[in-house]
Every structure is written in C-alpha cells, then in structure tokens.
Chemist: 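To start, I am sharing the structure in question, which I have written as structure tokens.
For the numbers below, each heavy atom of this structure counts, side chains included, while hydrogens, waters and symmetry mates do not. In listed order, ligands and their atoms are each counted from 1.
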Amino acid sequence: MRTRPLKVALLGCGVVGSEVARIMTTHADDLAARIGAPVELAGVAVRRPSKVREGIDPALITTDATALVKRGDIDVVIEVIGGIEPARTLITTAFEHGAGVVSANKALLAEDGSALHAVAEQHGRDLYYEAAVAGAIPLVRPLRESLAGDKVNRVLGIVNGTTNFILDRMDTSGAGYSEALDEATALGYAEADPTADVEGFDAAAKAAILAGIAFHTRVRIGEVHREGITEVTAADIASARRMGCTVKLLAICERAADGRSVTARVHPAMIPLSHPLASVREAYNAVFVESEAAGQLMFYGPGAGGAPTASAVLGDLVAVCRNILAGTTGPGESAYTRLPVSPMGDVVTRYHISLDVADKPGVLAQVATVFAEQDVSIDTVRQQVRQDGSGEASLVVVTHRAPDAALSGTVEALRKLDTVRGVASIMRVEGE
Ligand code: HSE
C-alpha cells in the first residue's frame with residue numbers, strides 16, 4: 001500500500017458534507033485498504049466557519065473555496081454545495097489544477113454536464129456523480145458501466161422523495177395537498193421553500209441526467225417536460241383508487257419506437273397498484289430500467305438524506321482514488337448518439353379525464369365526438385349523476401394510448417363545449 005495519502009478537498013459541510021467527513025474519518029482504514037492508499041481530508045470549504053463541526057479539525061476549515069481547489073496538492077475535490085455558481089467555476093478550477101471531482105450537484109450536471117465532462121477530459125481527470133441522482137441508490141454507475149453493453153429503451157422512476165412522501169400521505173390518509181405538504185415540512189422531508197421538489201425541478205434535473213446516460217446522448221434540464229404535484233387533489237387520488245391505481249410523480253425517459261429520438265418528462269401519473277412503483281412508500285425512490293438484453297431492472301432505496309447520499313459520494317471517491325493510483329480515468333461522457341429530444345406533444349400516453357357535464361340527452365355523444373375528432377380512442381367511461389339537484393353529472397373518461405398533443409387538444413376542445421361545465425382533473429396513466 002502507498003503510504004503517501006491522497007488529499008481530498010471537501011466543498012460544503014452541510015447535511016451531506018458532514019456525513020462524508022464523518023465516514024472518511026471513521027472508516028479511514030477500510031477506505032485506505034480498498035483504495036490502496038490512505039485518503040486524507042486536506043481542507044473543508046464552508047460559508048459559516050464559526051459553526052461547530054464535530055470530528056473535523058478546525059484547522060481544515062476555510063471560507064476560501066477557490067484557494068483550496070487551487071492549492072495544487074489536492075487529488076480529489078468533493079463538491080456538495082449544490083447550485084450552478086460558484087460550483088461550476090470551482091469544479092472547472094479543480095480540473096485545471098489537476099484534481100478529479102466527485103459531485104452531488106444534479107442542477108449543475110443537468111444544466112452543464114457536457115461542458116464539465118469536456119473540461120475533465122481535457123485535463124485527464126474524472127468526473128463522478130452517483131449522488132446526483134436518487135441519493136444512495138446505485139444508478140449512475142449501473143447505467144454508465146454495468147449496462148454499457150446493453151441497449152436501454154426506457155427509464156421510469158420515482159426520483160424525488162419529498163413528493164413521494166406527500167403523495168403517499170394523500171393516498172393513505174385522504175389528506176389534501178397542503179395538509180400533506182405541511183406534514184412533510186414538519187418531519188423535515190420538505191424544505192422551507194419546497195418549490196424545487198413540488199414543482200418537479202429536482203426530478204427534472206435527475207431525468208435529464210438519467211436520459212443522457214441511458215441513451216448516450218445529451219439532454220439538458222430545459223428539454224425535460226415538467227409538471228409538479230401542486231395541482232394534484234384528493235379527488236384525483238380517490239379517482240385513481242377507484243381505477244385500482246395510485247398517483248406518483250414519475251420521471252420517464254424513453255427512446256422513440258423508431259430509435260431516432262428520445263423524450264424526457266416529469267409529471268404526476270396514475271399507475272396501477274400492481275406496478276412495483278406503486279408500493280414505493282414514504283420518501284423512498286425507485287427506478288425501473290428497461291433494456292433489450294437485461295429486461296426490466298428495478299433500483300430501490302433512500303433517495304436523499306445525509307448518510308445515504310454520503311454513501312454514494314464515498315463510493316465515487318474510492319473509484320476516483322483507485323483510478324488516480326492506476327494512472328487512468330473512468331468512463332467520461334458517452335453522448336455519441338446525439339439523439340434529438342422530442343417535445344411532449346409527440347409522447348404517446350393515456351389520459352384520465354374527469355369532467356363535470358350537464359346531465360341531459362346527447363351530452364355523452366357530444367363528448368365522444370370530440371375524442372373521435374382528435375383521433376383519440378376511448379378505453380372506459382364512467383358516469384355518475386349528482387344527487388344534489390344541480391342537473392350535472394360527473395363523467396370520467398380513460399383513453400387508449402395517443403400522442404400527448406392529440407390528448408391535450410381533446411381537453412381544449414372539451415372545455416369549449418357548453419355542456420361541459422368544468423374539467424375537474426386530467427392525469428396521465430402510466431405503467432401498464
Ligand atoms: N429533495 C430531494 C428529494 C433530495 O426530496 O428527493 C435531493 O435531490
């Protein structure tokens with residue numbers, strides 16, 4: 001074993017960073033044995049230097065992250081500060097000064113992953129980011145390495161724990177969205193500003209990263225169709241139940257049937273209770289990968305939290321350190337297919353549409369005509385007459401598979417019918 005330690009700079013010492021430092025210290029001997037050299041924490045860049053950080057030598061703490069990555073003796077930089085800047089500049093500077101990088105930064109990788117990979121390659125360094133997608137769940141490496149000989153056609157998953165917790169609570173307790181969000185906040189799952197989670201930005205970043213790796217192409221977060229869960233109502237959940245389904249926020253990345261394009265989307269969807277993703281409860285994540293030779297694979301586990309995310313970071317640290325000792329680098333970006341990302345309108349899916357309609361002769365025929373005009377085939381229709389004397393009925397239509405543009409065109413046309421008093425809910429149906 002080499003006695004000279006590999007030096008690690010840690011950028012960020014919050015929930016994840018502090019766990020990374022703790023495990024590096026407590027498992028130092030095991031990590032050294034697995035790598036073939038000791039790894040030493042050489043500096044920790046933080047915003048608040050006065051905060052007490054148990055187990056970390058105060059002499060290692062600095063507020064000057066730039067000076068730390070420019071030191072010249074750092075072998076690996078671990079970036080767990082998140083956000084676009086200063087993370088992007090610090091990672092680029094780290095490569096320029098000879099360090100490999102381990103990052104948990106989904107937003108940055110989804111926005112600018114290709115450019116970062118290019119700088120890493122230019123300087124002959126590694127960029128690893130297992131922790132950026134679904135916390136502790138090994139997903140990036142299986143897609144980048146284990147499935148490198150296969151052809152992945154679809155990735156379908158729950159990649160945001162906060163929203164899964166909220167939807168799970170709505171499903172199990174009948175709570176409304178706000179009530180479930182309050183509970184998620186009180187329990188520490190949702191942040192004070194939950195926008196990134198509940199509006200689907202976090203999941204969209206992960207979808208962009210997964211689609212890029214799975215299909216060997218480039219997908220940026222702006223190309224991912226995104227809808228959050230803020231509009232999901234208790235009525236939607238109850239309606240899903242009646243269909244033998246539950247509602248999940250799904251990230252879905254697909255290769256088109258002709259193989260010439262890909263799509264990536266994040267939106268709430270009804271999935272059958274018999275689907276394995278339906279049983280993913282609370283804040284857990286799970287991802288289904290469908291590939292030609294391997295068939296269906298499912299990855300499941302904690303997608304967030306300090307220790308689980310640190311586990312993924314440390315796995316990458318070991319890999320990068322091993323590569324340094326071997327004088328090599330791991331896989332870089334594989335984006336050779338250059339497949340275009342098709343718009344949401346091209347995605348073939350199914351809709352569950354709940355309408356409030358006038359309860360009088362010919363209404364059902366009128367509604368059915370609108371579907372026919374848009375070339376959308378109806379699978380099931382359920383009508384329930386209101387007992388409140390309003391003269392209205394609730395009409396729930398589930399379609400067969402059709403392009404999303406035709407389905408959304410159908411909804412627009414339905415809204416214009418005098419006999420349609422309101423569109424109570426629209427949700428896609430997936431996983432069948
Ligand atoms: N906020 C994310 C979640 C974890 O709720 O899953 C970090 O991506």
Side-chain angles (χ1 to χ4, degrees), residues 12-20 78-84 87 102-111 113 128-140 155-171 177 180-213 221 224 226-230 232 247-253 264 266-268 277 280-288 299-316:
C13 198
V15 177
V16 177
S18 56
E19 280 298 313
V20 169
I78 297 176
E79 182 270 310
V80 284
I81 49 181
I84 304 297
V102 174
S103 173
N105 194 330
K106 67 199 93 69
L108 179 56
L109 284 152
E111 176 70 31
Y128 276 54
Y129 47 94
E130 184 64 70
V133 183
I137 306 174
L139 197 54
V140 172
V155 178
L156 168 81
I158 296 166
V159 294
N160 183 271
T162 306
T163 48
N164 201 54
F165 180 90
I166 293 169
L167 293 172
D168 185 41
R169 275 295 181 274
M170 290 174 74
D171 188 56
Y177 168 75
L181 172 61
D182 287 347
E183 192 181 345
T185 310
L187 291 170
Y189 290 116
E191 298 189 27
D193 177 1
T195 310
D197 292 318
V198 300
E199 296 290 2
F201 290 101
D202 176 83
K206 293 165 180 170
I209 296 169
L210 289 174
I213 310 171
I221 186 167
V224 179
R226 177 190 54 77
E227 294 168 34
I229 64 162
T230 53
V232 177
V247 176
K248 297 289 185 189
L249 182 71
L250 297 181
I252 306 173
C253 313
V266 167
H267 55 72
L277 289 179
V280 177
R281 307 286 310 278
E282 305 209 316
Y284 278 85
N285 285 191
V287 178
F288 240 75
F299 300 82
Y300 171 84
T309 308
S311 165
V313 168
L314 283 152
D316 281 353

Chemist: Taking the side chain as every heavy atom from C-beta outward, state whether Val287 and Ile137 have any atom pair closer than 4.5 Å.
Modeler: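 Result no, sub-4.5 Å side-chain heavy-atom pair not found.
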
Chemist: Could you state the interatomic distance from CG (Leu139) to CG (Asn285), rounded to the nearest 0.5 Å?
Modeler: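 The distance works out to 9.5 Å.
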
Chemist: Mind listing the closest non-hydrogen atom pair of Leu249 and Pro268 along with its distance?
Modeler: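 Residues Leu249 and Pro268, closest heavy atoms: CD1-N, 3.6 Å.
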
Chemist: Can any side-chain N or O of Asn105 pair as donor or acceptor with the backbone N or O of Gly83 at less than 3.5 Å?
Modeler: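 At least one qualifying donor-acceptor pair exists.
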
Chemist: Only counting residues at least two apart or in another chain, list the ones meeting ring-ring contact (aromatic ring centres under 6.0 Å, His included) with Phe299.
Modeler: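 ring-ring contact (aromatic ring centres under 6.0 Å, His included) list for Phe299, sorted by chain: empty.
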
Chemist: Does some side-chain heavy atom of Ser103 sit less than 4.5 Å from a side-chain heavy atom of Leu108?
Modeler: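 SC-SC contact between Leu108 and Ser103 ruled out.
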
Chemist: Would you please write out the protein residues whose heavy atoms approach any atom of ligand 1 to under 4.0 angstrom, listed by chain and number?
Modeler: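 Around ligand 1, where the cutoff is 4.0 Å for heavy atoms, the contacting residues are Lys106, Asn160, Gly161, Thr162, Asp197, Asp202, Lys206, Ala304.
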
